[in-house]
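Let me begin by presenting the structure, written as C-alpha cells, before commenting on it.
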2 protein chains.
Amino acid sequence: MTAAPSDSVVLAWTRLERAHRAALGGVQTRLKKAGLPSLEWYDVLLELERAGPAGLRPFELQKAMLFAQYNLSRLIDRMEAAGLVARSAIELDGRGQVLHTTRAGRALRRRTWPTYAEAIQHAVGRHFSEAEARTLASLLGRLHRAVD
Amino acid sequence: MTAAPSDSVVLAWTRLERAHRAALGGVQTRLKKAGLPSLEWYDVLLELERAGPAGLRPFELQKAMLFAQYNLSRLIDRMEAAGLVARSAIELDGRGQVLHTTRAGRALRRRTWPTYAEAIQHAVGRHFSEAEARTLASLLGRLHRAVD
DNA sequence: TAGAGTTAAATGCATGTGCATCAAACTTGA
DNA sequence: TCAAGTTTGATGCACATGCATTTAACTCTA
C-alpha cells in the first residue's frame, strides 16, 4: 500500500505530462519543417553511435530508450529500409543480432543536430538559467533511473 | 537565430523525454491492470468536470490538453460512444459544441482516482521530498506556459 | 452586404502502435 | 541430457494517430 500523493506531487506529475507534450511538440514541428527525420530516429542513431563499434543489441537499445519491444522491432525495420542502420547476426547468441549505424545514418544524424539543438534551446533552454537546467535535469534523472 | 543549448539544457531535455516515458509507462500499466480507462480519458473527464456546468468547447479542451484537433475529435467520439461525455450544440456559434461529462463519466473518474493516485505516488511521488516536488512542478510549469 | 479570409470540427487515407502470440534459441535443473 | 521455462525478436490484427482536406459557420473589410 502506497501513501497518497501530496498536491505538489500530483502537480509535478501533471506538469510533467504537459511540459513534455509542449516541448516535444515544439521540437518535432521544427524538425519536420526542416524536412528532417523524427526524434526517435535521431535517438536510435545517437544511441548506436555512442555504443561504438560493438553496436547494440535490440533489447539493449530498447532498455536505453524505454521503447516497447515490438515497437522498436518495427522502427528498426523502417530505419533499415531507409538505409540508416544495419542488423547483423551475432555468433554468441543465435536468436540475437547487433545493430549498427550506416555511414548514411551517421551523416544524417550529424546533419540533423544543428536544427535539433536550436529546437531544444527554443523549447527548453531559453526558459531556464544554467543552474535551473541543472536542477531540472537532476530531478528528472531520478525518475528515469527508477523504472520498475 | 537562437544560441546553442548548454550541456545542462540538452541533458534536461533528454531526461524530460526519458522521465516522462518512464513515469507514463508506470502509470498506464497500473491503470490497465486495474481495468480502468486510459490517462487521456481521465484527463478529459477531469478537465470537463473542472469547467463546471458551462462545460468546455472542444477547442478549449484541445488547448488545455495540448491535443491535436483531429485527435481530440476522435477521442471525444469514442468517449461519447462509451457514454462518458456528451456533445451538445451551442446557440452562440453554429459551428461549435459544448462538451459535458455524463453521470457515468463522473462516476468513472471518481472510481479511477484511487488507483491513479497510487500510481502517481509510485511513479513520481516516492522519489521526491515535498520541497523537491514543488521545485520540479515549478520548473516544469514554465515549459507548459510557453507553448508557441 | 458581398466576398475573402478565418475558425471550428470532422473525416479519408496512410502510417504507427498495442496486444497477443509465435518461433527459435538459450538456460536450468532433475 | 532432456523437458520445462525463459529470453530474443518478429508478426497478424485491431485500433489510434498524423496529414491533408473538407464542410460549415463566423468575422472582417471595402
Side-chain angles (χ1 to χ4, degrees), chain A residues 20-21 24-44 48 55-82 84-100, chain B residues 20-21 24-44 48 51 54-82 84-100:
Chain A
H20 176 255
R21 227 175 276 180
L24 181 65
V27 170
Q28 279 178 331
T29 299
R30 281 166 173 248
L31 287 178
K32 185 149 301 178
K33 264 189 197 154
L36 292 166
S38 73
L39 261 166
E40 284 148 10
W41 286 38
Y42 185 94
D43 274 5
V44 167
L48 291 184
L56 274 185
R57 302 272 310 254
F59 75 94
E60 295 172 311
L61 185 52
Q62 177 188 330
K63 196 150 53 171
M65 296 182 61
L66 301 180
F67 239 65
Q69 182 270 320
Y70 51 81
N71 219 328
L72 181 62
S73 174
R74 287 191 267 221
L75 176 56
I76 297 299
D77 283 350
R78 280 172 252 140
M79 294 183 69
E80 190 181 32
L84 302 174
V85 304
R87 289 170 155 122
S88 53
I90 183 171
E91 63 296 342
L92 294 95
D93 189 334
R95 296 164 298 187
Q97 52 192 224
V98 185
L99 306 175
H100 290 278
Chain B
H20 177 255
R21 223 174 279 179
L24 181 65
V27 170
Q28 279 179 331
T29 299
R30 277 166 178 248
L31 287 177
K32 184 148 302 178
K33 264 190 199 156
L36 292 166
S38 74
L39 261 167
E40 285 147 11
W41 286 38
Y42 185 93
D43 274 5
V44 167
L48 291 183
L56 273 186
R57 302 271 309 257
F59 75 94
E60 296 172 311
L61 185 53
Q62 179 188 325
K63 198 150 50 172
M65 293 182 65
L66 302 180
F67 239 66
Q69 181 270 319
Y70 50 81
N71 219 328
L72 182 62
S73 174
R74 287 191 266 223
L75 176 56
I76 299 299
D77 283 350
R78 279 171 253 141
M79 294 183 69
E80 191 181 31
L84 301 175
V85 304
R87 287 170 155 121
S88 52
I90 184 172
E91 63 295 343
L92 294 98
D93 189 334
R95 297 164 298 185
Q97 52 191 227
V98 186
L99 305 175
H100 290 278

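Nothing here was measured: the structure is a model prediction, and the numbers come from that model. Chain letters run A, B, ... following the sequence lines, proteins first, then strands; residues in each count from 1.
Of the residues near DNA chain C, Lys32(B) and Gln62(B), the one whose nearest nucleotide (by heavy atom distance) lies more toward the 5' end is Gln62(B). Residue-to-nucleotide proximity on DNA chain D shows that, of Arg95(A) and Gln69(A), the 5′-proximal contact is made by Arg95(A). Each of Gly94(B) and Arg74(A) has a nearest nucleotide on DNA chain D; the 5'-most of these lies closest to Arg74(A).
One interatomic measurement links the two molecules: CD of Glu60(A) to P of dT7(D), which rounds to 15 Å at whole-angstrom precision. In this entry the distance linking CG of Leu24(A) with P of dT17(D) reads 14 Å, nearest Å.
With dC19(C), dG16(C), dA9(C) as the candidates, the nucleotide lying closest to the side chain of Tyr70(A) is dC19(C). Proximity note for Asn71(A) (side chain, C-beta onward) versus dG18(C), dA10(D), dA16(D): the nearest is dG18(C). When distances are taken from the side chain of Glu40(B) to each of dT17(D), dT17(C), dA10(D), the shortest belongs to dT17(D).
The phosphate of dT7(C) (OP1 or OP2) has no side-chain N or O of Arg57(B) nearer than 4.0 angstrom. Contact annotation: Arg78(B) side-chain N/O to dT17(D) OP1/OP2 distance is under 4.0 Å.
Side-chain N/O atoms of Gln97(B) and base N/O atoms of dA8(C) include no donor-acceptor pair closer than 3.5 Å.
Across all strands shown, Asp77(A) has no heavy atoms under 4.0 Å from either base or sugar-phosphate atoms. Leu92(A) comes within 4.0 angstrom of sugar-phosphate atoms only, judged by non-hydrogen atoms across all strands, and of no base.
With a 4.5 Å cut-off on side-chain heavy atoms, Met79(B) and Leu99(B) do not count as touching.
Distance check, rounded to the nearest 0.5 Å: CG of Leu75(A) to CE of Met65(A) gives 6.5 Å. Taking CG of Leu66(B) as the start and NE2 of His20(A) as the end, the distance is 11.5 Å to the nearest 0.5 Å.
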